[in-house]
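A short write-up of the structure that comes next.
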Number of protein chains: 2
Amino acid sequence: MGIAERKTKEKTELKALILAAARGLFLERGIEETSIRNIAEVIEYSPATIYLYFKDKDEILHELHSQGFQEMGSRMRELMSVSDPMERLKELGRVYLEFARENTEMYDLMFIAKAPMHFLEKMEEHNWSEGKVAFDFLLNTVEECIAAGRFAGHDPCGLSFMIWSCVHGMVALEIRDRCKGISNENPDIIFRGAFDAFIKIIDVL
Amino acid sequence: MGIAERKTKEKTELKALILAAARGLFLERGIEETSIRNIAEVIEYSPATIYLYFKDKDEILHELHSQGFQEMGSRMRELMSVSDPMERLKELGRVYLEFARENTEMYDLMFIAKAPMHFLEKMEEHNWSEGKVAFDFLLNTVEECIAAGRFAGHDPCGLSFMIWSCVHGMVALEIRDRCKGISNENPDIIFRGAFDAFIKIIDVL
DNA sequence: AAATTTACTAAACAGTGTTTATTATTTCCA
DNA sequence: TGGAAATAATAAACACTGTTTAGTAAATTT
C-alpha cells in the first residue's frame, strides 16, 4: 500500500498547508478580513481546490479553533505539577489570561467567533469536546479545593462556570474593544486591577 | 420655516424606518444574515437610498447599539430607588442578565459585535460613551458599598470591572454557544448555579 | 416659467463563499 | 505496455455582499 500511503500523506500535507496559510492571514489581517481566495493565493492553488480538502470555511475555522485548544491545553497541563489546588486554580486563571492576551485572534476563534460552533451544528455534533476538556480541568481543580475544605456552600459546577465567566468576560470585553474610555487610566491598569480583585476573592472564599 | 421643518422631520422619519426594519430583520434572522438589500426591500426603497441616511452599515449597527443602551439604561435607572447599595448591586446583576437573555441579539450588538466599535474608530471617537455611562452606574454603586464599609481592600474600579466581566462572561459564553455539552444538565441550571455563586460571593465580600 | 436644489434609483464595481463542468494527471488492470 | 478508470486541480459561473456613480424625476426657489 505504498501509493495509497503517499496519497493520504499528501492529502494531510496540503490540508496542513491550507491551515497554516489561513492562520498566518488571520494573525496579520484578522479573521473576517481573510477570504478563501486570499488563502488560495498564498498557497498558490485555486480557490476551488480548498473545497476538496475542507467542506467549507467554517470547517477551516473549526480546525484552527481545535489547534488553539491543543496549544492552550498543553499550557494548562503544565499546571498539573502544582499540587496545592488553590495555588493551581490561581495559576490557571493567570495562564488563561496570559494565553488569551498573547493570542487574541486564536482566543476569539476559540471562545467568541460563531463559525466553529456553526460547523459543529452542521455536523449534528452537539458536544463541544474541546470546551468540555478545558472546563473539566477547571472543574476538577475546584472540586479538589472543595475537598480541601474551601468554597463552603458552593456548587462546584456553578462556581467553576462563574470563575470561567469571570476571566472570559475580561478578555472578551478587551478583545471586542469594550474597555475604551471606561477608565481614564491605562486600559492595562484596569485589567490588572480586575485580576487582583479576582485573586483576592478566590483567596477569601 | 415650514418646509425645511417638514423636510427634516421626513428625514428623521425615514432614518427611524430604516432602523426599525434593520432591527426587525436582526431579531428574526440574526445580524450577519441581514443585508442592506434586505433592509431596503422591507422598507420598499432602493439600497442606495439607505446610504443617503447612513454613512455605512456600521453606522446603522452603531445606532441600534445605542438604542439598546437606552433601553437597558431605563431598566437600570429603575434601580435607583433601591437605597441599600449592596441590594442595588445584586439587583443590577439580575437586571443585567435578564436584559441580556431577553434581548440576545441586541446584547450581542452592544457588547460583542465589532461593527459598532469600528464605527467609533472611523469617526475618530475614542470614547465609548454608552459603555461609560453604564459602567459608571455600576462603579457608583460599588463605591457606595465601599463607603458603607464593604469590599475592604478592593480598588473600586478594578472590582467593578471584575463584576462586569463576570456577568458579561456568562451571557457572552451562552450567546456564542460555548455552554453546549459543558454539563450534562440543562444549560439553564449551570447558568443559575453560576449566578447563585455570584450572589454568594458578593454577599460574603 | 425657468433654474436650482432635493430625493431617489438603476446599474455597475469589486469583493465574498461555493458549485459545476472541464481538463490534465496519475494509477490500475488486462 | 496500452487503454480504462480514478484522482487532482482549475476556470468559470452563480448568487450573494457592501458601496459608489451617474442619471432621472420631483419639489422648491427665484
Side-chain angles (χ1 to χ4, degrees), chain A residues 1-19 21-22 25-26 29-64 109 113-119 121-123, chain B residues 1-19 21-22 25-26 29-64 109 113-119 121-123:
Chain A
M1 279 292 176
I3 284 171
E5 197 184 319
R6 203 201 67 222
K7 289 258 160 163
T8 58
K9 205 188 100 190
E10 281 175 2
K11 199 117 191 156
T12 58
E13 269 173 7
L14 188 42
K15 232 178 151 165
L17 188 65
I18 292 167
L19 289 171
L25 287 172
F26 289 167
R29 303 165 48 170
I31 295 169
E32 10 244 55
E33 284 75 33
T34 57
S35 66
I36 297 285
R37 281 174 178 81
N38 295 155
I39 298 168
E41 204 176 359
V42 168
I43 62 173
E44 293 180 305
Y45 277 84
S46 93
T49 300
I50 291 175
Y51 286 88
L52 299 174
Y53 294 84
F54 295 94
K55 192 192 160 293
D56 57 20
K57 198 184 182 184
D58 285 350
E59 183 171 4
I60 297 174
L61 293 170
H62 177 267
E63 203 70 49
L64 287 175
L109 214 41
K114 290 180 173 175
M117 296 298 132
H118 282 169
F119 177 72
E121 271 172 40
K122 275 183 287 192
M123 295 283 100
Chain B
M1 280 292 176
I3 284 171
E5 197 184 315
R6 201 201 69 220
K7 289 258 161 165
T8 58
K9 206 188 98 190
E10 282 175 1
K11 199 117 191 156
T12 59
E13 269 173 7
L14 188 41
K15 231 176 154 168
L17 187 65
I18 292 167
L19 290 171
L25 288 171
F26 289 166
R29 303 165 48 172
I31 295 168
E32 10 243 55
E33 283 75 31
T34 57
S35 65
I36 297 286
R37 281 175 179 80
N38 294 156
I39 299 168
E41 204 175 358
V42 169
I43 61 173
E44 294 182 301
Y45 277 83
S46 94
T49 301
I50 292 175
Y51 286 89
L52 300 173
Y53 294 83
F54 294 95
K55 195 191 158 292
D56 56 20
K57 198 184 182 183
D58 284 350
E59 183 173 4
I60 297 175
L61 294 170
H62 177 267
E63 202 70 48
L64 287 176
L109 214 42
K114 289 180 175 175
M117 297 297 132
H118 282 168
F119 177 73
E121 271 172 40
K122 275 183 286 189
M123 296 282 99

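Small disclaimer: the values here were computed from a predicted structure and weren't measured. The chains referred to below are lettered A, B, ... by the order of the sequence lines, with proteins before strands, and numbering in each begins at 1.
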Estimated bend of the helix from C:dA1-D:dT30 to C:dA30-D:dT1 (axis per five terminal pairs, rounded to 10 degrees):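 One end's axis against the other's: 20°.
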Over 12 non-hydrogen atoms of neighbours within 6.0 angstrom of CD in A:E41: no
Heavy-atom neighbours of A:E44 CD exceed 12 at 6.0 Å: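 Open: at most 12 neighbouring heavy atoms sit under 6.0 Å from CD of A:E44.
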Think [X] has a side-chain N or O under 4.0 angstrom from the OP1 or OP2 of [N]?
X: B:Y45; N: C:dT9; result: no
X: B:T49; N: C:dC8; result: no
X: B:S46; N: C:dC8; result: no

Starting at [atom1] of [X] and ending at [atom2] of [N], how long is that distance when rounded to a whole Å?
X: A:I50; N: D:dA8; atom1: CD1; atom2: P; answer: 16 Å
X: B:E44; N: C:dC8; atom1: CD; atom2: C1'; answer: 15 Å
X: B:E32; N: C:dT16; atom1: CD; atom2: P; answer: 17 Å
X: A:H118; N: C:dG17; atom1: NE2; atom2: P; answer: 16 Å
X: B:I18; N: C:dT9; atom1: CD1; atom2: P; answer: 11 Å
X: B:L14; N: C:dA7; atom1: CG; atom2: C1'; answer: 10 Å
X: B:L17; N: C:dC8; atom1: CG; atom2: P; answer: 11 Å
X: A:E59; N: C:dT18; atom1: CD; atom2: C1'; answer: 14 Å

Quick one: are [X] and [Y] in side-chain contact, heavy atoms under 4.5 Å?
X: B:I60; Y: B:I36; answer: yes
X: B:V42; Y: B:I39; answer: no
X: A:M123; Y: A:K55; answer: yes
X: A:L19; Y: A:F54; answer: yes

Heavy-atom donor-acceptor pair, A:D56 side chain to A:E59 backbone, under 3.5 Å: yes
Sequence-aligned protein contact record of nucleotides 12-19 of chain D, with B where the base is within under 4.0 Å of a protein heavy atom and S where only the sugar-phosphate is: -B---BBB
Where B:F26 and B:I31 come nearest, the two heavy atoms and their spacing: CD2-CA, 3.7 Å
Considering all heavy atoms, the nearest A:K57-A:T34 contact: NZ-O, 3.0 Å
Touch class at under 4.0 angstrom, heavy-atom based, for B:Y53 against every strand present: sugar-phosphate
